[in-house]
Amino acid sequence: MTFPFESLKACLPELEAEATENDRDGSFPAGGLTLIRSLGALSAALPKSLDGCGFGTDPGGATGLLHLLRLTGEASLPLGRLLEGHINAIRLVARYGTPAHLRQLATHIRNGALCGIWVTETTNPVRLVRTEAGLSLEGEKSFASGALHVTHPLITAELPESGTCMLVVPVGNNRQTSSSVVSLSGMRGSGTGRFSFTGFRTTPDAIVGEPGDYLRQPEFSAGAWRGMAVALGGIDRLVTLLRAQLVTRGRDSNPYQRARIGEALIARETAALWTRKAALVADDDTIAPADAAATVNLARIAVERAGLDVLELTQRGLGLSAFIKSNVVERIMRDLATYLRQPAPDETLAEAAAHFTRRDPPRS
Ligand SMILES: Cc1cc2nc3c(=O)[nH]c(=O)nc-3n(C[C@H](O)[C@H](O)[C@H](O)COP(=O)(O)OP(=O)(O)OC[C@H]3O[C@@H](n4cnc5c(N)ncnc54)[C@H](O)[C@@H]3O)c2cc1C
């Protein structure tokens, strides 16, 4: 399958309009998902052998995936987050699961499944309990994107005496009583919330890979490049809107505003170059796993910094008009600021710095 990027580009205004509409009451992007599903975005990460585009699963598929996630994030960060979670789950099943696991997931996706990756714990972490009937689950996940809509989340769960396992749990039953959406200030359309797995049953063949695989490097850190690609799309959109709104107000030729435009373009390109480097490093099996993980960790912080810079430049450049609710910039700034909150940024930078203190990062 060849992905129809031009068709996706043509849909960006429609997807953005839905994101703005959904922001008001935190509605889920049902229309946008249907649209990108119809273009093949939800099966694009499946290998070509399973009628996908091989984005992120076949060798050389990273560039196409970067383009897909960036464009989706440009239209809508919440939709981009949902797509990224769906693709992350496919990637982990492709990497650690059996061929049968992947074939089964591909069938579910063709039948309309939406996957997700739910790993963030609460004080009641998810664990697997052995019963006479098989395995049952207890505990809950927090910050689960698409908590009310994902049908096939890949989750982590503790198995006594084994460690952290990954498994795909079809969650058709009991959903309304087991999930709720948290009220975030941004990314309101991503339907991010809590999901209780207590009472769900599963079987040993649902376990993907071996205990410990989820935390295995370089995949654990390197997979973060996909989230960066979505954030990059949001950065793209803000930089475009900053320039366009300065032109509309006749403020673009002011030397201070010109400096902001220049700095915003530099920040965007910095984010783009780091994301591309991270994507290529993550896709390159010849690079030592620890080097790949640490490079992507550096990239994560670089993209976060670029995003924060663009937020500040937009606020200072457009002034209060960037805070008026009817200006789409206001919503995208909230979405981007929220989306940039990813786990343990201090540790991410410190670990990468420690790794590369006595050796150089891979050169591209
Ligand atoms: C829109 C959105 C959607 C999401 N969707 C999902 C999803 O589908 N599935 C999922 O599993 N998760 C999801 N998450 C959660 C995400 O993966 C992270 O868990 C979350 O973003 C962590 O953010 P945080 O800022 O609270 O991180 P933290 O790691 O708590 O970092 C906050 C600050 O505390 C510092 N810090 C961290 N640990 C310590 C410590 N031990 N001591 C002192 N300081 C510390 C950090 O460096 C940072 O400065 C989502 C998050 C967002 C924003």
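In this chain, residues are counted from 1 in sequence order. Counting convention: from 1, in listed order, for ligands and their atoms alike.
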*Would you check ligand 1 and list the protein residues that come within less than 4.0 Å of it by any heavy atom, ordered by chain and number?*
R81, I117, W118, V119, T120, F143, A144, S145, M187, T192, T338, R341, Q342, P343, A344, P345, D346
*Quick one: do D23 and R188 make a salt bridge, cutoff under 4.0 Å?*
yes
*Between R237 and E74, does at least one N-O distance fall below 4.0 Å, as a salt bridge requires?*
no
*Which residues pass the ring-ring contact (aromatic ring centres under 6.0 Å, His included) test with F28, sequence neighbours left out?*
H149
*What residues, two or more places apart in sequence or in another chain, satisfy side-chain contact (heavy atoms from CB on, under 4.5 Å) together with D283?*
A62
*Not counting sequence neighbours, list each pair that qualifies as a side chain to side chain donor-acceptor pair (under 3.5 Å) and has a residue in residues 199-214.*
T203-D205, D213-R216
*Salt bridge present between R258 and D252 (N-O < 4.0 angstrom)*: no
